[in-house]
Visitor: 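First the structure, which I've put down as structure tokens, then a few questions once you've had a look.
A quick note: this is a predicted structure, and the numbers were derived from the prediction, not measured.
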Amino acid sequence: AQSVTQLGSHVSVSEGALVLLRCNYSSSVPPYLFWYVQYPNQGLQLLLKYTTGATLVKGINGFEAEFKKSETSFHLTKPSAHMSDAAEYFCAVINNAGGTSYGKLTFGQGTILTVHP
Amino acid sequence: GAVVSQHPSRVICKSGTSVKIECRSLDFQATTMFWYRQFPKQSLMLMATSNEGSKATYEQGVEKDKFLINHASLTLSTLTVTSAHPEDSSFYICSARETSRETQYFGPGTRLLVL
């Protein structure tokens, strides 16, 4: 079974400050990991993903995440927050181990990012 | 690329009526589509997995006779909420995935309000 834990349901930063959203996963097989962003009353937009290869993954809007197998983490960062980054962020892991759950995403609980002027 | 649309974006209906939600992949063929439900301030809950040309696979606790899913083509899946009740009010989101690709692309969601 796979699971995702996002530490901190709410994160608040000042505009221009570093953004760090934490995600830890549990997986019995090498994971494929994703970060999605959701703006109010909208669907999810893919920010970035890790499948194989380079462990530092760059995504859209200046976000990046680093896969750390030893820490089972996939934290999302952005050097300088912008007001438009205010949204809810979801970390997710996909089941690529086969079986009836193959291809299904397991989401974390979500982290609401607030950016103050 | 990889655009998924949903229609309608919001719907209000009376209790006891049925509501159909469409999910379309606009620029790719989606052999698999997923239907999620999201309650306020909560994460997404997978309801069912829909494969083109076959019956949907429902998650535990999801009533298949209540939430009818049809995936008749490689670009269209529909979710019908039958005999809707106020407790079915929620935000329904679909996603689509290409064959042998791991990434799911999400639709913009449908807000259902049952009065």
Visitor: Please check if atom NE2 in H116(A) has more than 12 non-hydrogen atoms from other residues, nucleotides or ligands closer than 6.0 Å.
Guide: yes
Visitor: Between F91(B) and Q38(A), what is the shortest heavy-atom contact and its length?
Guide: CE2-NE2, 3.8 Å
Visitor: Of the backbone (N, CA, C, O) and the side chain (C-beta and beyond), which part of S95(B) lies under 4.5 Å from a heavy atom of chain A, both, or neither?
Guide: neither
Visitor: Rounded to the nearest 0.5 Å, what's the gap from NZ on K49(A) to OG1 on T103(B)? Could you check?
Guide: 3.0 Å
Visitor: In terms of heavy-atom pairs under 4.5 Å, which option from K41(B), R97(B), Q6(B) contacts chain A the most?
Guide: R97(B)
Visitor: First locate atom CZ of F90(A), then atom CD of Q38(B), and finally report the distance between them rounded to the nearest 0.5 Å.
Guide: 5.0 Å
Visitor: Tell me whether the count of non-hydrogen atoms from other residues, nucleotides or ligands lying under 6.0 Å of NZ in K64(B) goes above 12.
Guide: no
Visitor: Measuring from L46(A):CG to F106(B):CZ, what's the distance to the nearest 0.5 Å?
Guide: 9.0 Å
Visitor: Side-chain heavy atoms under 4.5 angstrom apart, residues restricted to Ile, Leu, Val, Met, Phe, Trp, Tyr: same cluster for V19(B) and M47(B)?
Guide: yes
Visitor: Between Q104(B) and Y36(A), which heavy-atom pair has the shortest distance, and what is it?
Guide: O-OH, 2.7 Å
Visitor: Consider only side-chain heavy atoms of I, L, V, M, F, W and Y, link residues closer than 4.5 Å, and tell whether F34(A) and V37(A) are in one cluster.
Guide: no
Visitor: With a 4.5 Å cut-off on side-chain heavy-atom distances among I, L, V, M, F, W and Y, is there a chain of contacts connecting L112(B) to V62(B)?
Guide: yes
Visitor: Heavy-atom pairs under 4.5 Å with chain B: which of N41(A), T51(A), I112(A) has the most?
Guide: N41(A)
Visitor: Side chains of Y36(B) and L105(A): closer than 4.5 Å at any heavy-atom pair?
Guide: yes
Visitor: Please determine whether the number of non-hydrogen atoms from other residues, nucleotides or ligands lying under 6.0 Å from atom CZ of R111(B) exceeds 12.
Guide: yes
Visitor: If I take atom OG from residue S43(B) and atom CD from residue E88(A), how far apart are they, to the nearest 0.5 angstrom?
Guide: 7.5 Å
Visitor: Indicate if Y39(A) and L113(A) have the same hydrophobic cluster label, given that clusters are the connected sets of ILVMFWY residues with side-chain heavy-atom separations under 4.5 angstrom.
Guide: yes
